[in-house]
Asks: 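To start, I am sharing the structure in question, which I have written as structure tokens.
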Amino acid sequence: MTRTDTRVFPLAQESAFFRTPAARAMITTMAKNAPPRPLDDAALSDFLAEHAFGALATLKRDGRPHLSTVVYTWDPEARTVRISTTEDRLKVKQLRNNPTASLYVSSADHWKFAVVEGKAELSEVTRTPGDTAGLEYLAAQSQKPEDEAEFLETIAAERRLYITLKTDKLYGTALDIA
């Protein structure tokens with residue numbers, strides 16, 4: 001590596017990753033290119049719609065973040081994130097104590113990301129097959145299950161609910177490495 005590379009990334013000399021030809025090319029490119037490009041609202045919404053995995057950050061009682069990998073759906077019109085979970089999860093307990101949450105979503109190469117910040121709402125927990133909460137959960141499915149009765153039994157046994165994160169702030173950037 002050159003001196004320029006290590007000034008941009010001082011720890012580069014200490015990591016085997018940064019000694020690879022691809023990493024050296026990336027560092028050189030990053031040192032020459034513009035800083036990360038902020039994404040506008042439309043680009044952020046499209047990015048969120050294209051992905052399904054993210055990290056949900058909730059707050060522990062002591063104020064430190066708790067991160068959970070989640071599968072989500074993005075509703076661009078309502079500007080909400082919906083996450084299916086079970087009642088016994090730590091994130092549910094934390095959201096009951098403090099509904100503040102953030103969802104971080106990254107591209108596969110990690111050069112682009114989006115963050116949704118807001119307040120989370122928890123749906124009712126489905127406890128009995130066919131109860132109101134279960135029927136609402138069923139209605140929210142993008143693909144209807146083949147056997148609705150079995151589906152309702154399963155989600156009641158799992159004590160499923162939805163987390164709906166309402167967007168207060170949406171931001172993200174892209175780093176153009178090419």
Side-chain angles (χ1 to χ4, degrees), residues 36-175:
R37 170 178 51 85
L39 299 173
D40 65 21
D41 200 65
L44 288 163
S45 186
D46 289 346
F47 180 77
L48 289 167
E50 293 166 3
H51 292 81
F53 288 92
L56 180 70
T58 56
L59 295 173
K60 298 177 185 181
R61 284 190 188 266
D62 66 6
R64 291 180 300 135
H66 170 80
L67 299 169
S68 300
T69 301
V70 296
V71 176
Y72 73 91
T73 56
W74 168 249
D75 181 337
E77 280 122 37
R79 294 177 55 85
T80 59
V81 171
R82 183 170 268 196
I83 300 162
S84 172
T85 191
T86 57
E87 183 181 37
D88 62 339
R89 301 295 177 170
L90 184 57
K91 60 184 156 267
V92 172
K93 180 180 177 183
Q94 291 168 337
L95 290 169
R96 284 192 173 123
N97 290 328
N98 182 344
T100 303
S102 298
L103 178 74
Y104 170 83
V105 179
S106 176
S107 62
D109 63 7
H110 303 290
W111 296 125
K112 184 188 286 189
F113 74 93
V115 175
V116 179
E117 293 180 351
K119 299 291 184 194
E121 294 180 355
L122 301 174
S123 71
E124 291 297 319
V125 177
T126 182
R127 298 178 189 282
T128 306
D131 63 10
T132 302
L135 294 174
E136 289 173 1
Y137 193 98
L138 174 64
Q141 301 304 300
S142 58
Q143 290 184 322
K144 299 300 177 207
E146 287 184 27
D147 185 339
E148 288 186 8
E150 181 183 357
F151 177 82
L152 292 169
E153 284 178 31
T154 300
I155 64 172
E158 293 174 349
R159 299 172 78 152
R160 289 240 157 233
L161 70 146
Y162 273 119
I163 298 169
T164 302
L165 181 59
K166 295 185 172 193
T167 305
D168 290 334
K169 184 175 182 182
L170 182 59
Y171 62 91
T173 65
L175 188 57

Asks: Could you measure the distance from the CG atom of Leu161 to the CZ atom of Arg127? Nearest 0.5 Å is fine.
Replies: 9.0 Å
Asks: Does a side-chain heavy-atom distance below 4.5 Å link Pro145 with Leu138?
Replies: yes
Asks: List the atom of Ala114, the atom of Leu48, and the distance in Å for their closest heavy-atom pair.
Replies: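 Looks like CB-CD2, 4.0 Å.
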Asks: In terms of ring plane angle, is the pair Tyr137 and Phe151 parallel, tilted or perpendicular, where the classes change at 30° and 60°?
Replies: tilted
Asks: Contact between Thr85 and Lys91 at the side-chain level, heavy atoms closer than 4.5 Å - yes or no?
Replies: yes
Asks: Would you say Trp74 and Val116 make side-chain contact, with heavy atoms under 4.5 Å?
Replies: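 Result yes, sub-4.5 Å side-chain heavy-atom pair found.
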Asks: Got more than 12 heavy atoms from elsewhere within 6.0 Å of NZ, Lys93?
Replies: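 No, the 6.0 Å shell around NZ holds no more than 12 heavy atoms from other groups.
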Asks: Could you give me the CA-CA distance, side-chain angles and deciding distance for Thr100 and Lys119, then say whether side chain to side chain donor-acceptor pair (under 3.5 Å) is met?
Replies: CA-CA 5 Å; Thr100 303; Lys119 299 291 184 194; 2.6 Å; yes
Asks: Using the side chain to side chain donor-acceptor pair (under 3.5 Å) rule, pick out the option among Asp168, Thr167, Asp41 that qualifies with Arg79.
Replies: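 Running side chain to side chain donor-acceptor pair (under 3.5 Å) over Asp168, Thr167, Asp41 with Arg79 returns exactly one hit, Asp41.
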Asks: In Å and rounded to the nearest 0.5 Å, what is the CZ to OG1 distance from Arg159 to Thr128?
Replies: 9.5 Å
Asks: Ile163 and Ala120: which non-hydrogen atoms are nearest, and at how many Å?
Replies: CG2-CB, 3.9 Å
Asks: Can you find a pair of side-chain heavy atoms, one from Tyr171 and one from Pro38, that are under 4.5 Å apart?
Replies: no
Asks: Report yes if some heavy atom in the side chain of Val70 is under 4.5 Å from a heavy atom in the side chain of Leu103; otherwise report no.
Replies: yes
Asks: Quick one, Leu165 and Ile83 - any side-chain contact, counting heavy atoms below 4.5 Å?
Replies: no
Asks: With the side chain counted from C-beta on, respond yes when Asn97 and Arg61 share a heavy-atom pair under 4.5 Å apart, and no when they do not.
Replies: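 In short, these two side chains touch, coming nearer than 4.5 Å.
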Asks: Could you grab the distance from atom CG of Leu95 to atom NE2 of His66, nearest 0.5 Å is fine?
Replies: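 Reported to 0.5 Å precision, the distance equals 9.5 Å.
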Asks: Within the distance-only criterion (no hydrogens, no angle test), does the side chain of His51 pair as donor or acceptor with the backbone N or O of Phe47 below 3.5 angstrom?
Replies: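 Yes; judged by distance alone, with no hydrogens or angles, the pair exists.
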Asks: So, taking the atom named OG in Ser123 and the one named CD in Glu136, what distance separates them when rounded to the nearest 0.5 Å?
Replies: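 Interatomic distance, Ser123 OG to Glu136 CD, rounded to 0.5 Å: 7.5 Å.
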Asks: Got a salt bridge between Asp62 and Arg64, using NZ or NE/NH1/NH2 to carboxylate O under 4.0 Å?
Replies: yes
Asks: Which heavy-atom pair separates Gly134 from Leu152 by the least distance, and what is that distance?
Replies: O-CD2, 3.5 Å
Asks: Count the heavy atoms of every other residue, nucleotide or ligand shown that sit under 6.0 Å from CD of Gln141, and state whether that count exceeds 12.
Replies: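 Buried by this count: over 12 neighbours within 6.0 Å.
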Asks: Is atom CD of Glu87 surrounded by more than 12 heavy atoms (other residues, nucleotides or ligands) closer than 6.0 Å?
Replies: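 Check passes, neighbour count above 12.
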Asks: Of the non-hydrogen atoms in Lys144 and Ala139, which two are nearest, and what is the gap between them?
Replies: NZ-O, 3.2 Å
Asks: How long is the straight-line distance from CG of Leu59 back to CG of Asn98, given to the nearest 0.5 Å?
Replies: 5.0 Å
Asks: If you take all heavy atoms of Asp75 and Glu77, which pair is closest and at what distance?
Replies: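 Taking Asp75 first and Glu77 second, the nearest heavy atoms are OD1-N, 3.0 Å.
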Asks: Quick check for you: to the nearest 0.5 Å, what is the distance between Asp40 atom CG and Leu170 atom CG?
Replies: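 So the gap between those two atoms works out to 10.0 Å.
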Asks: Within a strict 4.5 Å, meaning less than it, do heavy atoms of the Phe53 and Val71 side chains meet?
Replies: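 The answer is yes; the side chains approach within 4.5 Å.
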Asks: If I compare all heavy atoms of Leu39 with all of Phe113, which pair ends up nearest, and what's the gap?
Replies: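 The answer is CD1-O, 3.9 Å.
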